[in-house]
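A short worksheet on the structure shown next.
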2 protein chains.
Amino acid sequence: MSTINDVALKAGVSVTTVSRVLNNRGYISEATRAKVYKTMEELNYQPNELARSLLRKQSNLIGLIIPSVAHPFFGELTNHIEYYAYQNGFKVLLCSSHMDPAKEKDYIAMLKRNRVDGIIMGSHTLEVEEYRNLNSPIVTFDRQIDNEIPFISSDNYQGGVLATELLISKGCRYIVHICGNLELKMLSNYRNDGFKDTAEKHGVRHITIQTDMNVFDQQQYEQIIQRMLETYPDVDGIFASSDIIAGFAVRECLGKGKRVPQDIRIVGYDDVNMASWFIPGITTIKQPTEAIGRLAVELIQQQLNGESFEPDNILPVELIERSTS
Amino acid sequence: MSTINDVALKAGVSVTTVSRVLNNRGYISEATRAKVYKTMEELNYQPNELARSLLRKQSNLIGLIIPSVAHPFFGELTNHIEYYAYQNGFKVLLCSSHMDPAKEKDYIAMLKRNRVDGIIMGSHTLEVEEYRNLNSPIVTFDRQIDNEIPFISSDNYQGGVLATELLISKGCRYIVHICGNLELKMLSNYRNDGFKDTAEKHGVRHITIQTDMNVFDQQQYEQIIQRMLETYPDVDGIFASSDIIAGFAVRECLGKGKRVPQDIRIVGYDDVNMASWFIPGITTIKQPTEAIGRLAVELIQQQLNGESFEPDNILPVELIERSTS
DNA sequence: TATTATATGTCAAGCCTTTGACATATTGAT
DNA sequence: ATCAATATGTCAAAGGCTTGACATATAATA
C-alpha cells in the first residue's frame, strides 16, 4: 500500500500539500489539487485510517453488540443501524454475544481496545455495574442502566396493553403471556405489566409463562407451548413476546387441532418481516425498528459532540392486525 | 484512556517492561508481571489496537459485504462468519450494500482505508474487473471473479437437480423455476442449468422466470408469482431460488385455491430457519451455511498466512423434505 | 509601490505501541 | 570467583498521518 509520502514524491509536492488537499485546509490551487488527485488515483492510494484515527483520537467506529444477527428482529435492527451509521460516517463492528456473558465481556474489552467511538448494546447478559464506567458513549436497547446512559425501547407497556385489549375485545376469557425471563431487568418486562393490568382491569383470567433467555431455541419454544396447551387447555388467547414465538404458537395450536383465530387468538411482538409472510399472517405489535436504529446512531453522535440528549427514549408501538386474531 | 506510559509510571517500571508482559516476550519475573497486570486493572488500561495495527500492518479486521443482514439467509450466514471470525481473532466490519453498486464501491474503498486483513464478498453488483487488483485477500460467495480469487458456493447445479428430480418424481408435469437475474454472472445460475437439464432429461415441460436482483421485494415476488400462475395455470411444480420466494409461492397458491402439495408442489432453496417455521414447512435445498461461514474465514486466514488454498470451493447441498412437496 | 491574498515548502512534534540494541544488576551454579 | 541465566532499564526508530509555526514566492489589489 502506498503512503502519503509516495503520493507527494510522485506528484512532486510536499506531504503537507497532499495532506492539505486530503483534508481541505489551507490554500491549494486547482492545478495542484488535480495533480495530487491524479497521482492518488494512479497509485491507488487510500489514506490509512488507522494512522488517522490514532492521531485524531477518533475511529468513526461503532460497536454493536446483539444476541445474534440470525434472529430476524436483530437482523432487521442491525440492518437499520448499519444504514444510519454509514450515513453518518460511521462503520460498524459487529458483535454477536449469543447470550454468553463471557463473550459479551470480551467484546466490550475488544471494542475499547479498538477505540470505538460508541457502543450500541442490544444484548444484556451482564450486571448493570459492568456497563457503567465504560467511559465511552453508549446507547442501550431495552434496558436501563442508569440515568446517565441513554436507552431506547419501544413503548413496552403500551404494547402489552394493546395486545391484551385486542385479545379481550375479540372475546378471549383466558389469556396467557409468553415472555422472556423476568429476572433480567429488561424494559421488555413492562409488556407483562401492561398485560396484567389490562387483564385485571377487565377481570379476565391470565397467566404469565417465562422462557429462558436463549435467543432462538425452537425446541424450547415448542416444549413450552405444548406444555402450556396441556396444562391450561382452556386458554383462548396468547400474547407472545416475539413474532417467532407467536409463529410457533400458531403451529402448535393448529397441530393440536385448534383453529386460529376461532378457537384461540394469538398476538406477537416486533412485527418482523416474517410476521406478514406467515400463513396465517401474524397479528402483532410493531416496534419501530427503523426509528430505533436511527435514534441509536443519533444518540451516539450527540454524546460524541457533547450535545445534550434525551436519556429516556420510549418509541411508540402500533398494533398490526392480521389473521391470527 | 490511559496509555502504556501511564501504566509504566504507576507500576514503577519502564514501558518496555509493560510491553514485555503485554506481549509475552523476554524475561519477566512473576512479581513484576503481577504488578503490571494489577496496575493495568486499576487504570482500566486497554492497549490501543489502532497503534498496534499501525505498527504491525495488520488490523485483524475482516470486511464483510452482503446485500442485507435483514435477509434471513445473509443474517444466518453473517452470524456464522462472525462466529468463526471471532474464534480466529478477527473482528467483523459489517457492510450492507443493499444492491447499490455505488455503495458497494464506497464500501470497498472504506475497507481498504481501514486496512482490513481481508474481505468476504457476498454482494456482487460490480463488474468483475472492479474486484481484481484489490490486492487484499478476498473470498467470494456465489461468484467467480478469476482463478486467483477463491470462491465458495453451494453445489448449485446439484441443488437444481435434486429439487427438480423431487418435483418430477412426485408427479409434476409442468414445472417452473423462479430465480434471480441470470444476466449477472452468479454461480447460482447453475441451479437453473440443473433444473433445465433434469427437466429435459425426463421430458418434462419447464419454464424459467427471472426476478430483478432486489434483495427483498415482497411486492415484486407476489406480482411475479401471481402473473406466473395466471399465465401458466397448468404449472404443477415450482422450484424457487430462495425459501422466501417459496414462502410467497405457497401463500399465493393457497390464495388462488390451489392445494399444496396436492395441486402444486413447491421446493425452495437455502433452508433458512424460517423454512421450518412456515406452515406448511417448506421443502428445500439446504445450503451448508455454517460450513460456508467457517470456510470463508479460513480462506482469508490462509491467504494471510501465505499458505496455499483451494480456489474453487463447492460445498454439498442436501434435500430437506417438508410439507410443500 | 506597498500590501495582501494565495500557494507551497520545510521542519518537527505528536498519536501509542513495539522492538531491537545495548547496558546493568542480581541471582544461582560451577 | 566466574559464567550464564534472569530481570529490568535506557534509548530510539518506526508505522502513517496531521498540524502548527514559519518561511518564501507569486499574483492580485489598493
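Below, chain A is the first sequence line, B the second, and so on; all start at residue 1. The shown structure was predicted, so the numbers you read here are calculated from the model rather than taken from an experiment.
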* Just how far, in rounded Å, is P of C:dT8 from CG of A:N24? -> 14 Å

* To do: Return no unless some side-chain N or O of A:N48 is found under 4.0 Å from OP1 or OP2 of D:dC17.
  => no

* Asked: Is the cationic atom of A:K103 (NZ for Lys, CZ for Arg) positioned less than 6.0 Å from the six-membered ring centroid of B:Y86 and within 45 degrees of its normal?
  -> yes

* Hey, does the side chain of B:S19 come within less than 4.0 Å of C:dT17's phosphate (OP1/OP2), counting only N and O? -> no

* Euclidean distance, atom CD1 of residue B:I4 to atom P of C:dG14 [Å, nearest integer] -> 18 Å

* Residue-phosphate contact under 4.0 Å: A:R25 side-chain N/O, D:dT19 OP1/OP2 -> yes

* Can you name the residues that form a side-chain hydrogen bond (donor to acceptor under 3.5 Å, both in side chains) with B:T39, not counting sequence neighbours? -> none

* Asked: In whole angstrom, what separates B:K35's NZ from D:dA7's P?
  -> 13 Å

Quiz: residues 54-63 of chain B side-chain donor-acceptor pairs under 3.5 angstrom, not counting sequence neighbours:
| residue | atom | partner | partner atom | Å |
| --- | --- | --- | --- | --- |
| B:R56 | NH2 | B:N23 | OD1 | 3.3 |
| B:Q58 | NE2 | B:N60 | OD1 | 3.2 |
| B:S59 | OG | B:L61 | N | 3.3 |
| B:S59 | OG | B:R115 | O | 2.6 |
| B:S59 | OG | B:D117 | OD1 | 3.4 |

* **Reported CD1-to-CD distance for the pair B:I145 and B:E148, which is rounded to 0.5 angstrom** => 12.0 Å

* Is the distance from OP1 or OP2 of C:dT17 to the nearest side-chain N or O of B:Y45 less than 4.0 Å? -> yes

* Structure fact -> DNA chain D nearest-nucleotide lookup for B:R33 and B:R52: closer to the 5′ end is B:R33

* Mind checking B:I28 for me? I need base, sugar-phosphate or nothing, with any heavy atom below 4.0 Å counting as a touch. => sugar-phosphate

* Structure fact -> Closest to the 5' end of DNA chain C, once B:Q46 and B:R20 are matched to their nearest nucleotides, is B:Q46

* To do: Identify, between B:A31 and B:L55, the residue whose nearest nucleotide on DNA chain D lies closer to the 5' end.
  => B:A31

* To do: Inspect the surroundings of CZ in B:F151 and state if more than 12 heavy atoms from other residues, nucleotides or ligands are less than 6.0 Å away.
  => yes

* Does the pair B:R33/B:E30 count as a salt bridge with the N-to-O cut at 4.0 Å? -> yes

* Structure fact -> Here the distance between atom P of C:dT10 and atom CG of A:N5, to the nearest Å, is 12 Å

* **Gap between atoms CG and P, on B:L54 and D:dA14 respectively (whole Å)** => 14 Å

* Candidate list B:L77, B:I65, B:L299, B:L64, test side-chain contact (heavy atoms from CB on, under 4.5 Å), partner B:I120, passing option -> B:L64

* Could you tell me the separation between the CZ atom of A:R115 and the P atom of C:dC15, rounded to a whole number of Å? => 13 Å

* Over how many whole Å does the gap from A:E30 atom CD to C:dA7 atom C1' extend? -> 12 Å

* Using five base pairs at each end, measure the axis-to-axis angle across the helix from C:dT1-D:dA30 to C:dT30-D:dA1 and round it to 10 degrees. => 40°

* Asked: Closer than 4.0 Å, any side-chain N/O of A:Y27 to the OP1 or OP2 of C:dA7?
  -> no

* Structure fact -> Picking from D:dC17, C:dC11, C:dT19, the nucleotide nearest the side-chain atoms of B:N23 would be C:dT19

* Taking CZ from A:R56 and P from D:dG16, how many angstroms apart are they, rounded to a whole number? -> 17 Å

* To do: Show your working on side-chain contact (heavy atoms from CB on, under 4.5 Å) between B:R143 and B:Y131 and close with a plain yes or no.
  => CA-CA 11 Å; B:R143 194 174 195 201; B:Y131 298 107; 3.6 Å; yes

* Asked: Hey, is the side chain of B:K57 poking within less than 4.0 Å of OP1 or OP2 on D:dA14, counting only N and O atoms?
  -> no

* Hey, does A:S29 reach any base, or is it just sugar-phosphate, or nothing, if we go heavy atoms under 4.0 Å? -> sugar-phosphate

* Asked: Taking OP1 and OP2 of D:dG9, is either one under 4.0 Å from a side-chain nitrogen or oxygen of B:T17?
  -> yes

* Asked: Are B:S53 and D:dG15 close enough that a side-chain N or O sits under 4.0 Å from OP1 or OP2?
  -> no

* Under the 3.5 Å rule, do the base of C:dC11 and the side chain of A:T16 count as making a donor-acceptor pair? -> yes

* Can a salt bridge be assigned to the pair B:E49 and B:R52 using a cut-off of 4.0 Å between side-chain N and carboxylate O? -> yes

* Of the candidate nucleotides C:dG9, C:dT6, C:dC15, which contains the atom at the shortest distance from the side chain of A:V13? -> C:dG9

